[in-house]
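One structure is given here, and the rest of the page talks about it.
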Amino acid sequence: MGQHLLSGNPPVAVSLRHSPRARRISLRVSGLDGRVTLTVPRGVSEAEALTFAASKGDWLRAQLAGRPDSLRVAAGIALPVEGRLLRIGSGTGRGVRLTGDAIEVPGPEAQLPARLEGWLKARARDRLAAASDAYAAQLGRGYSRITLRDTRSRWGSCSSRSALSYSWRLIMAPPEVLDYVAAHEVAHLAEMNHSPAFWAVVARLLPDYETPRRWLRREGAALHRFRFSD
């Protein structure tokens with residue numbers, strides 16, 4: 001995948017991807033991280049594709065301008081944890097603590113982002129494992145393992161070997177959203193597709209799945225605005 005920069009104010013970084021299956025040139029702005037992908041079908045030159053992208057420059061900038069700015073995690077900012085906005089502050093002792101509407105992180109300020117990220121990942125693993133276990137038992141299917149990642153393209157996945165993978169940032173979303181993603185991926189243990197049969201399994205595991213699904217589509221991208229490292 002080649003990287004190109006479209007001139008203009010501001011310049012726009014574009015990832016160019018060749019696809020023999022594509023029927024036409026297409027542009028996509030990721031709802032998660034704002035990455036711009038230019039897909040080039042067979043028989044179309046890169047120059048022609050980049051000319052097409054340049055002609056859509058105003059549209060691309062409008063899409064990118066509507067995205068929330070990234071925010072470096074530090075003391076004083078508000079961070080969502082399980083759907084609640086908590087003010088980050090310094091703490092004492094050895095572990096991260098929740099106190100009312102605050103989250104207290106002990107240790108040197110320079111280590112705060114890493115310590116907080118580690119705490120969030122541990123909490124995410126506990127919640128996702130519990131939800132996956134419950135839904136897998138309900139379905140009567142087992143999974144092989146759970147992996148946490150900081151994925152940008154998807155919130156979860158289920159492999160053909162029954163391995164579940166989740167974005168640890170789901171711990172920042174409301175609990176019902178985390179539950180929906182767990183139910184979605186566990187449903188793939190029975191249906192490795194997105195057919196009506198698959199969605200029927202999701203509905204059996206979580207009858208009101210549409211509500212958290214809509215939240216994730218509408219608000220999920222904002223969970224990626226929080227940066228824990230430079």
Side-chain angles (χ1 to χ4, degrees), residues 1-70 144-145 147-170 173 177 180-181 183-202 209-210 212-227 229-230:
M1 185 179 288
Q3 300 296 320
H4 297 269
L5 195 65
L6 300 181
S7 60
N9 185 24
V12 177
V14 174
S15 298
L16 192 147
R17 181 177 73 92
H18 290 274
S19 173
R21 293 182 296 178
R23 296 185 177 181
R24 62 181 184 276
I25 305 172
S26 65
L27 273 172
R28 177 178 178 271
V29 180
S30 170
L32 293 179
D33 60 6
R35 183 177 301 173
V36 179
T37 301
L38 174 63
T39 301
V40 185
R42 189 192 303 274
V44 174
S45 68
E46 289 190 8
E48 182 180 349
L50 289 170
T51 298
F52 170 82
S55 72
K56 303 295 184 181
D58 290 343
W59 176 82
L60 286 173
R61 292 180 184 89
Q63 296 295 308
L64 295 170
R67 292 183 49 77
D69 295 331
S70 65
S144 58
R145 68 177 185 274
T147 303
L148 295 188
R149 306 181 188 279
D150 193 9
T151 48
R152 299 282 173 153
S153 58
R154 59 179 65 183
W155 293 105
S157 64
C158 176
S159 75
S160 59
R161 296 185 177 183
S162 300
L164 304 177
S165 179
Y166 297 106
S167 167
W168 64 262
R169 290 179 185 264
L170 286 167
V177 174
Y180 158 66
V181 177
H184 183 119
E185 300 311 331
V186 167
H188 280 307
L189 297 172
E191 296 285 345
M192 285 294 290
N193 50 59
H194 287 101
S195 66
F198 164 79
W199 289 110
V201 175
V202 177
Y209 75 85
E210 282 288 1
R213 186 186 184 206
R214 284 194 295 268
W215 187 98
L216 198 57
R217 288 182 167 182
R218 186 179 65 251
E219 309 288 348
L223 302 182
H224 287 275
R225 70 185 294 244
F226 299 98
R227 292 187 295 106
S229 61
D230 293 324

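Just so you know, residue 1 is the first one in the sequence shown, and it goes up from there.
Separation of atoms OG (S157) and CG (L164) is listed at 8.0 Å; rounding is to 0.5 Å. For the atom pair CG of L223 and CH2 of W168, the computed distance is 9.5 Å after rounding to the nearest 0.5 Å. Taken from CD in E219 to CZ in R214, the straight-line distance is 12.5 Å, to the nearest 0.5 Å. The line from NE2 of H4 to CG of L16 is 4.5 Å long, rounded to the nearest 0.5 Å.
Taking both residues in full, the closest heavy atoms of R217 and R213 are given as NH2-NH2, 2.6 Å, listed atom of the first, atom of the second, then distance. Among all heavy-atom pairs drawn from T39 and A22, the shortest one is CG2-CB, 3.9 Å. Scanning all heavy atoms of the two residues, the minimum distance from A49 to L38 falls at O-CD2, 3.5 Å. The shortest non-hydrogen separation linking R61 to L6 is NH2-O, 4.2 Å. In plain terms, the two heavy atoms of A222 and R225 that are nearest each other are O-CG, 2.9 Å. Of all heavy-atom pairs spanning V202 and A187, the tightest one is CG2-CB, 3.6 Å.
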Let me have the donor-acceptor pairs involving side chains of residues 53-60, under 3.5 Å, with sequence neighbours excluded, atom names and distances please.
{"residue": "S55", "atom": "OG", "partner": "F52", "partner atom": "O", "Å": "2.5"}

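Under the rule for a side chain to side chain contact (heavy atoms under 4.5 Å, CB included), the partners of A190 that lie at least two apart in sequence or sit in another chain are L139, R141. In terms of the side-chain hydrogen bond (donor to acceptor under 3.5 Å, both in side chains) criterion, S7 has no residue partners (sequence neighbours excluded). Evaluation of the salt bridge (Lys or Arg N to Asp or Glu O under 4.0 Å) rule for E46 yields no partner, not counting sequence neighbours. The side-chain hydrogen bond (donor to acceptor under 3.5 Å, both in side chains) check on E210 picks up nothing, with sequence neighbours excluded.
R169 places no side-chain N or O within donor-acceptor distance of the main-chain N or O of D150, the cut-off being under 3.5 Å.
Ring pair H224/W155 is tilted by interplanar angle, where 30° to 60° counts as tilted. Note on ring orientation: taking the six-membered ring where Trp is involved, the planes of Y180 and Y209 are parallel (angle under 30°, cut-offs 30° and 60°).
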Checklist entry - Between Q63 and R28, is a side-chain contact (heavy atoms from CB on, under 4.5 Å) present by the stated rule, with each step listed? => result CA-CA 10 Å; Q63 296 295 308; R28 177 178 178 271; over 6 Å; no
Item to check | Worked verdict on F198 versus M192 for side-chain contact (heavy atoms from CB on, under 4.5 Å) | outcome: CA-CA 8 Å; F198 164 79; M192 285 294 290; over 6 Å; no
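Sequence neighbours left out, the pairs with a member in residues 158-167 that pass side chain to side chain donor-acceptor pair (under 3.5 Å) are S132-Y166, R149-S165.
More than 12 heavy atoms of other residues, nucleotides or ligands lie within 6.0 Å of CZ in R218, so this atom counts as buried by the packing criterion.
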